[in-house]
Amino acid sequence: MRFAVLAAALTLALAGCVTSADTIGPAEQANQAAAVIAQEDPPADDRLNAVVWYQTSEERDLVFRIVYRAASEKLKAALADKTWDALPKEDRTTPVKGLPPAIIVDVDETVLDNAPSSARQIVERGDFDDAQWGAWVEERKAKALPGAAAFLDTAAKQGVTVFYISNRDAGQAEATIANLRATGFPIASDAQFLGLGTVVDGCEQEGSSKSCRRQLVGRTHRVLMQFGDQVGDLVHIVANTTEGRRAAVAPYEAWIGERWFVLPNPMYGSWEPALFDNDWRQPASQRRAKKQSALDLAK
């Protein structure tokens, strides 16, 4: 499509040279060509490669299977070691001794695949919208990601309670729980879903941070493992900058692949606004320029 449009633009420009050379100069010809290119259909979208990769690549499925298989190999040791805990120190407010085991997972792009929602945004030429997202959640069509349901079902059968800590709104609990159950995830009680807006006594919610909800789980359970596609699914990020995100993870590097498991999500995440000062009000061109400036050219 891009080459066809460029050809049309060049044809237009050349035609201008032949039919109106006396009235249209090179600058105007270039403007005409640019106008044709600007009407390209579909328009360029920064998200296209990421969403297509997520939906079609075999590599994505292999990574998910590798991660959940690795976790299954650690499960026996985690259950046997009664001091084993995957909560960061600031979220562990109750001694783990004697507490029953649990696993904490994020929902979106960790156990459920919401790429169709992102794909619709591209096709409809829109950005993320709360109403559109809410409608997608209510459809209850998200599929299980490879390896996730089987691993968590195995853990549940060994007495592990799975908590789903999500930044889906707490008001979307019914649809989310129904979607999880329909796709084979173990969720015996609605209390296992902790959405954004869950009130935790004695803990003040800070934005969309999951820290309070992790603390809530930690009050009653020893957390064996955490799974997520974002750093914030595992630990509180004090400053959402590239450096701040690295600093949040640094004390727990030994836990990666043992207690903390991270899944790939190139479609969206807090890593993106960290590159443009967390300010979505900036024009897209400015946000794109700042992302491009973050590229390492090895010079």
Side-chain angles (χ1 to χ4, degrees), residues 1-5 40-72 105-153 164-169 172 175-185 187 193 195 208 227-234 261-275 280 284 287-288 291-292 294-295:
M1 175 62 74
R2 182 179 296 274
F3 292 111
V5 172
E40 181 180 1
D41 188 11
D45 193 307
D46 287 356
R47 301 166 294 182
L48 180 57
N49 267 8
V51 175
V52 170
W53 179 88
Y54 202 86
Q55 289 197 307
T56 67
S57 73
E58 182 65 18
E59 289 81 358
R60 183 210 71 165
D61 289 3
L62 291 176
V63 171
F64 271 84
R65 291 191 181 102
I66 288 169
V67 169
Y68 283 111
R69 183 175 296 173
S72 68
V105 296
D106 170 53
V107 173
D108 301 314
E109 281 53 75
T110 298
V111 298
L112 289 182
D113 180 354
N114 301 280
S117 176
S118 295
R120 292 177 187 181
Q121 292 170 33
I122 294 173
V123 172
E124 295 168 5
R125 305 182 187 182
D127 293 321
F128 177 84
D129 176 79
D130 284 329
Q132 184 267 353
W133 170 251
W136 162 253
V137 171
E138 287 300 326
E139 288 182 39
R140 311 175 188 196
K141 289 182 178 178
K143 296 179 180 178
L145 284 158
F151 166 72
L152 294 175
D153 184 61
Y164 303 84
I165 299 185
S166 171
N167 278 341
R168 291 187 177 198
D169 189 84
Q172 296 170 326
T176 301
I177 291 169
N179 199 159
L180 288 166
R181 285 176 173 151
T183 45
F185 289 98
I187 180 164
F193 174 76
S208 60
F227 294 79
D229 64 303
Q230 309 285 329
V231 170
D233 294 332
L234 310 171
F261 296 86
V262 182
L263 292 310
N265 178 6
M267 299 185 293
Y268 65 85
S270 55
W271 55 268
E272 184 182 2
L275 301 175
W280 286 100
R287 301 198 305 268
R288 184 176 299 112
K291 287 191 285 185
Q292 182 167 317
L295 294 173

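Side chains included, hydrogens not; waters and symmetry mates left out as well; all remaining heavy atoms used.
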What heavy-atom pair brings V51 and S118 nearest, and what distance separates the two atoms? CG2-CB, 3.8 Å
Any chance the rings of F151 and F261 have centres within less than 6.0 Å? no
Once you round to the nearest 0.5 Å, how far does CZ of R140 lie from OG1 of T183? 12.0 Å
Any side-chain donor-acceptor pair under 3.5 Å between Q132 and R120? no
Please check if the side chain of D61 supplies one atom and the backbone of F64 the other of a donor-acceptor pair under 3.5 Å. no
Show the nearest heavy-atom pair for residues G184 and A149, with the distance to one decimal. O-CB, 3.9 Å
Find the distance between CG (N179) and NZ (K143) and round it off to the nearest 0.5 Å. 11.5 Å
Measure across A50 and P266 and return the closest heavy-atom pair with its distance rounded to 0.1 Å. CB-O, 3.4 Å
Rounded to the nearest 0.5 angstrom, the OG1-CZ distance for T176 and F193 is 4.5 Å
Can you see which heavy atom on L112 is nearest to which on F185, and at what distance? CD2-CE1, 3.9 Å
Which residues pass the side chain to side chain contact (heavy atoms under 4.5 Å, CB included) test with W271, not counting sequence neighbours? Q230, R245
For D169, give me all partners under salt bridge (Lys or Arg N to Asp or Glu O under 4.0 Å), at least two apart in sequence or on another chain. none
Could you tell me which residues satisfy salt bridge (Lys or Arg N to Asp or Glu O under 4.0 Å) with R287, sequence neighbours excluded, listed by chain and number? none
Applying side chain to side chain contact (heavy atoms under 4.5 Å, CB included), name anything that partners D153, two or more places apart in sequence or on another chain. K157
Could you state the interatomic distance from CD (Q172) to CG (N167), rounded to the nearest 0.5 Å? 11.0 Å
Is there side-chain contact between V63 and L263, with at least one heavy-atom pair below 4.5 Å? no
Euclidean distance, L180 CG relative to I187 CD1, rounded to 0.5 Å: 5.5 Å
Could you work out, with side chain to side chain donor-acceptor pair (under 3.5 Å) as the rule, every residue matching D108, not counting sequence neighbours? N114, R168
W53: side chain to side chain donor-acceptor pair (under 3.5 Å) partners, not counting sequence neighbours: S57
List the residues meeting side chain to side chain donor-acceptor pair (under 3.5 Å) with T110, not counting sequence neighbours, and say none if there are none. D106, D229
Contacts of type ring pair (Phe, Tyr, Trp, His ring centres under 6.0 Å), residue Y164, not counting sequence neighbours: none
Under the salt bridge (Lys or Arg N to Asp or Glu O under 4.0 Å) rule, collect the residues that match up with K141, sequence neighbours excluded. E139
Would you say the side chain of Y68 lies within less than 4.5 Å of the side chain of V111, judging by non-hydrogen atoms? yes
Over 12 non-hydrogen atoms of neighbours within 6.0 angstrom of CG in N49: no
Not counting sequence neighbours, which residues clear side chain to side chain contact (heavy atoms under 4.5 Å, CB included) with E272? List them please. F276, W280, K291
Set of salt bridge (Lys or Arg N to Asp or Glu O under 4.0 Å) partners for R181, sequence neighbours left out: D190
Mind checking side chain to side chain donor-acceptor pair (under 3.5 Å) for R60 and listing every partner two or more places apart, or none if nothing turns up? D113
Please name the pair of heavy atoms, one in E109 and one in A115, separated by the smallest distance, quoted to 0.1 Å. OE2-N, 3.9 Å
Could you report the tightest heavy-atom contact between G228 and L234, atom names first, then the distance? N-CD2, 4.3 Å
Does atom CD (Q292) have a neighbourhood of more than 12 heavy atoms from anything else shown, all under 6.0 Å? no
